[in-house]
Amino acid sequence: MHTNSTIELSREALKNNIAFLRKTFDKKTILSSVVKGNAYGHGLSEFVQMANDCGITHFSVFDVEEAKIVYNTLQDKVTVMVLGLVSDEDMEWVVNHNIEFFVFDKNRLNKAIKVAKSSNIKAKIHIEIETGMNRTGFDKKELPSVVSILKKEGGHLVLKGLCTHYAGAESIANYYRIDKQIKRFDEAYQYMCANDLKPEIKHSACSAASMMFPETRMDLVRIGIMQFGLWPSPEVFVNYLNSKKSKIDPLQRVISWKSKIMNIKTVQAGEFIGYGTSFLAERKMIIAVVPIGYSHGYSRSLSNQGRVIINGTRCVVVGSVNMNMMTVDITDVGPVKKEDEVILIGKQGDTAVSVASFSDLSNQLNYELLTRISKTIPRKTKQ
Ligand SMILES: *Cc1c(COP(=O)(O)O)cnc(C)c1O
């Protein structure tokens, strides 16, 4: 087990974020917690347990490996929906455990029907519509044949939902593209209904769409990033603030990541720090070595840029981030000793390092940064 650092998940923050989301959406709208990518790096099993304690009973995952972790953690107390990959070998497990899943091609539809027939359990499907993202989903011209399969095999299927996904709702620049997608999705829904196939629910919104295009909320919203206390983009946040009198961020960061100082060194002016020549000490400096590197998910692109908090002060990463270590300038932070706390993401006193400031620096999205945090770091939940 990795002991160089710890990740803490705040239940209070999650409760706050869920309350905000529930207040924002219609009471009848189902809140599906999207937990792909190891729950955006938060730790899948730990996170879904905590989210379920906070009242979440619907989870969306990318693939069956993740579905199994959620199922093993919470069994049939919750609904699990696979947004992405279900391979043929996994179909039997999926159908037998009442896992819901997106269907976006006929192979999968036929496989689902075959397995449902042989195990005598109906497959719970969400038909995904291609509306313009051009990734997965049935095209308009495929719909008539899909409809005829659904009608013929209706006895082996539950048409749980009709769904689609938008291509970049977090940016106003994509407004027309998203608007077109919304219209195409509605056409597909009307077509299904006109053929007496009424899905139990329809859904399309991720965090950004749910905030920027309220009409996309429909019967269920698939919320990933915002439940963790982060906005999909600065634009979505600003757009939200513009609609409100109080200019306070209603979300709270769930994750914090801490380590400890491993070594302290004094470096003379004129010396280079770390590998190569990327950082030259221009004065006499004191350096703390922190046992975290890119193998733990602290991106190498944060070399000479990342910020951490030591002794209540923001300190800069100097030199390159190595595989297992990095060096931090502590010349001006006062008395510090080995084993003192280092905050990689989180707060100490009034000083904070947010994921956003951290990822702006490295030009990564919050999403990517979080999901890269190594799975081997222990996750603890705290009140
Ligand atoms: C990841 C994902 C979401 C959630 O996206 P956020 O921006 O994190 O809210 C919703 N729907 C689908 C299909 C996804 O893949």
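This structure is a prediction, so every number in the text was calculated from the model and none was measured. Just so you know, residue 1 is the first one in the sequence shown, and it goes up from there. One-based numbering, in listed order, for ligands and for the atoms of each.
- Ligand 1 has no nitrogen or oxygen under 3.5 angstrom from a nitrogen or oxygen of Ala205.
- In this structure, the protein non-hydrogen atom closest to atom 11 (N) of ligand 1 is Arg222 NE, 2.9 Å.
- Between Phe213 and Tyr166, the gap from one ring centroid to the other reaches at least 6.0 Å.
- Counting heavy atoms under 4.0 Å from ligand 1, residue Glu170 does not touch it at all.
- Between Ser87 and Asp90, the side chains place a donor N or O and an acceptor N or O closer than 3.5 Å (distance only, hydrogens not considered).
- Nearest to atom 4 (C) of ligand 1 by heavy atom, out of Phe102, Tyr367, Tyr40, is Tyr40.
- Residues Phe102 and Phe62 place their aromatic rings such that the two centres sit no closer than 6.0 Å.
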Show me the donor-acceptor pairs, under 3.5 Å and distance only, between side chains in residues 344-351 and residues at least two apart or in other chains.
{"unit_1": "Gln348", "atom_1": "OE1", "unit_2": "Asn311", "atom_2": "N", "d": "3.3"}
{"unit_1": "Gln348", "atom_1": "OE1", "unit_2": "Gly312", "atom_2": "N", "d": "2.6"}
{"unit_1": "Gln348", "atom_1": "NE2", "unit_2": "Glu341", "atom_2": "OE1", "d": "3.0"}
{"unit_1": "Thr351", "atom_1": "OG1", "unit_2": "Gly312", "atom_2": "O", "d": "2.9"}

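- Between the side chain of Ser320 and the main chain of Asn322, no donor-acceptor pair closer than 3.5 Å is present.
- A side-chain donor-acceptor contact under 3.5 Å links His42 to the backbone of Tyr40.
- Applying the side-chain contact (heavy atoms from CB on, under 4.5 Å) criterion to Ser118, with sequence neighbours excluded, gives no partner residue.
- Using a 4.0 Å cut-off between heavy atoms, Ile225 contacts ligand 1 through both its backbone and its side chain.
- Under 4.0 Å from ligand 1, heavy atoms of Ser207 appear from its side chain as well as its backbone.
- Atoms of ligand 1 found under 4.0 Å from any heavy atom of Leu83 (numbered from 1 in listed order, with element): 12 (C), 13 (C), 14 (C), 15 (O).
- Here the heavy atom of the protein found nearest to atom 1 (C) of ligand 1 is Lys36 NZ, 1.4 Å.
- For His165, every heavy-atom contact with ligand 1 shorter than 4.0 Å involves the side chain, none the backbone.
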